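Here is the structure we will look at, set down as structure tokens.
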Amino acid sequence: MSGGAVASLPEGLLDGGVWFRVEAAPTASAVRRTAERLAVELGLPEPRIAHLSIVAAELAGNLVKHATEGVLLVRAVRTAEQAGVELVAIDRGPGMADLVASVGDGHSTAGTLGIGLGAIVRQASWYDLHSVPGKGTILAAQVWPADPPSPVWVAGLTRPLTGEPVSGDAFAVRDAEGRRQVMMCDGLGHGGLAAAASHEAVRAFQEAPAAPPAAVLDRLHRRMNHTRGAAVAVAELDADAGLVRYAGLGNIAGTVISSDGSRRGMVSLPGIAGHQRRQIREYDYPLTPDAVVLMHSDGVVDRWNPADYPGLLIRSPLVIAATVLRDAGVRRDDAGVLVARLP
């Protein structure tokens with residue numbers, strides 16, 4: 001889930017996908033072609049590529065017809081057994097007041113046949129959707145070569161600074177001998193050197209022995225001394241103890257959000273992983289099954305209120321992350337968001 005190189009595709013895929021700003025039909029066609037090309041690289045069978053083509057075309061077409069500031073992400077998703085393609089459509093348009101009606105055939109607000117969202121639902125292996133009138137819509141879909149994996153407990157998104165081909169933010173996920181751990185990283189600055197620092201953090205995190213978050217973060221700090229450094233935080237979700245264990249260096253923000261929308265911030269200490277640290281400490285916070293853990297870089301601000309998004313916190317981590325990125329991400333910096341919950 002931390003991303004991976006895909007030969008002959010745009011460099012942005014190294015850091016979690018390719019973003020498109022979708023405002024006209026030619027861009028919608030480019031989205032479809034990119035998704036198809038990625039599917040071929042990943043080895044999806046032809047029938048599934050055909051389904052993916054429909055999903056990509058309908059998602060992009062809906063953004064052209066209905067969206068305000070519509071963007072769409074195309075990226076690979078992987079499990080140990082298979083690889084698929086994920087698309088995330090984000091817009092600030094009028095939103096949908098009746099989601100059930102909107103995904104049914106024959107419902108249209110633009111004079112079309114009204115089968116677009118229904119086609120996405122039928123052709124996708126998995127999808128999730130959230131919409132708030134006046135704020136916009138998030139629609140995520142995946143196409144897998146076989147049966148989709150079980151619903152995931154964590155998802156993240158990164159978006160580069162406008163004009164940069166790669167993001168200096170990165171995230172990673174692992175299950176190390178039963179320890180469900182996540183990492184969020186913000187390489188100093190932006191561009192290639194920031195991305196290199198974050199990629200080293202991802203590698204070190206994935207290779208680290210099973211250990212509590214503080215020990216893992218200390219290992220990352222020592223491994224990153226040849227990079228420009230980064231803000232890094234590691235969290236471990238412990239279902240048996242009902243806790244999230246958290247250790248951070250620098251300005252990665254970590255928050256536990258309860259089902260009622262109340263928040264509890266988690267402590268990251270001053271420092272730069274790879275260069276400066278006084279002490280690495282680990283803190284424990286209560287975590288109920290209906291709460292979510294939100295981690296983000298300083299390219300995302302805390303200006304959003306969960307109460308303004310009815311039903312959002314029961315949606316998938318991916319849709320929650322996309323909503324936060326849309327409404328709290330800034331364009332003058334790389335932005336990264338990770339959302340996790342107890343499985």
Side-chain angles (χ1 to χ4, degrees), residues 16 69 71 88 90-92 95 130 132 134-138 154-162 167-171 182-190 194 198 213 217 230-235 237 243-273 281 283-288 290-342:
E69 299 180 25
V71 295
V88 184
I90 302 173
D91 84 84
R92 300 178 184 273
H130 187 261
V132 177
K135 290 186 177 294
T137 301
I138 307 291
V154 61
L157 293 167
T158 60
R159 184 185 66 198
L161 170 73
T162 301
S167 174
D169 292 354
F171 68 93
V182 297
M183 186 273 296
M184 188 78 218
C185 179
D186 180 358
L188 293 189
H190 53 83
S198 287
L217 182 58
V232 181
V234 177
L237 282 69
L243 295 172
V244 54
R245 301 184 176 91
Y246 187 86
L249 278 178
N251 55 359
I252 297 296
T255 308
V256 179
I257 306 177
S258 299
S259 58
D260 62 3
S262 60
R263 309 186 192 194
R264 181 169 184 174
M266 299 187 288
V267 175
S268 285
L269 299 177
I272 302 172
R281 295 187 59 186
Y283 299 88
D284 293 352
Y285 302 91
L287 184 65
T288 58
D290 57 358
V292 299
V293 173
L294 172 68
M295 298 166 66
H296 63 77
S297 69
D298 64 354
V300 176
V301 298
D302 288 323
R303 67 185 180 203
W304 74 292
N305 182 358
D308 294 335
Y309 303 85
L312 176 63
L313 295 180
I314 63 171
R315 306 314 309 169
S316 65
L318 179 59
V319 165
I320 298 171
T323 300
V324 175
L325 184 65
R326 179 191 65 192
D327 292 347
V330 298
R331 288 292 182 179
R332 61 182 180 273
D333 197 359
D334 299 324
V337 182
L338 181 145
V339 174
R341 60 163 51 102
L342 291 174

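If you're wondering where the values come from, they're calculated on a predicted model, not measured in any experiment.
Heavy atoms of other residues, nucleotides or ligands lying less than 6.0 angstrom from CZ of Arg281 number 12 at most.
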- Query: What do the steps show when you test His296 against Asp302 for side chain to side chain contact (heavy atoms under 4.5 Å, CB included), and what is the final call?
  - Reply: CA-CA 10 Å; His296 63 77; Asp302 288 323; 3.1 Å; yes
- side chain to side chain contact (heavy atoms under 4.5 Å, CB included) between Thr158 and Phe171: does it pass, once the steps are laid out? CA-CA 8 Å; Thr158 60; Phe171 68 93; 4.0 Å; yes
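The nearest pair of heavy atoms linking Asp284 to Arg245 is OD1-CG, 3.2 Å. The shortest heavy-atom contact between Val232 and Ile252 is N-CG1, 3.9 Å. The heavy-atom pair separating Ala321 from Leu157 by the smallest distance is C-CD1, 3.9 Å. Taking both residues in full, the closest heavy atoms of Ala233 and Tyr246 are given as CB-OH, 3.3 Å, listed atom of the first, atom of the second, then distance.
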Could you give the side-chain donor-acceptor pairs of residues 304-311 under 3.5 Å, partners two or more places apart or in another chain?
from: Asn305; atom 1: OD1; to: Ala307; atom 2: N; distance (Å): 3.1
from: Tyr309; atom 1: OH; to: Asp327; atom 2: OD2; distance (Å): 2.5

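Of the possible donor and acceptor atoms, none in the side chain of Ser258 sits under 3.5 Å from a partner among the backbone N and O of Asp260. One N or O on the side chain of Ser167 and one on the backbone of Asp169 form a donor-acceptor pair closer than 3.5 Å. Judged by distance alone, with hydrogens and angles left aside, the side-chain atoms of Asp334 form no donor-acceptor pair with the main-chain N or O of Pro160 at under 3.5 Å. No donor-acceptor pair closer than 3.5 Å links the side chain of Arg341 to the backbone N or O of Asp290.
Distance NZ/Lys135 to OG1/Thr323: 10.5 Å, rounded to 0.5 Å.
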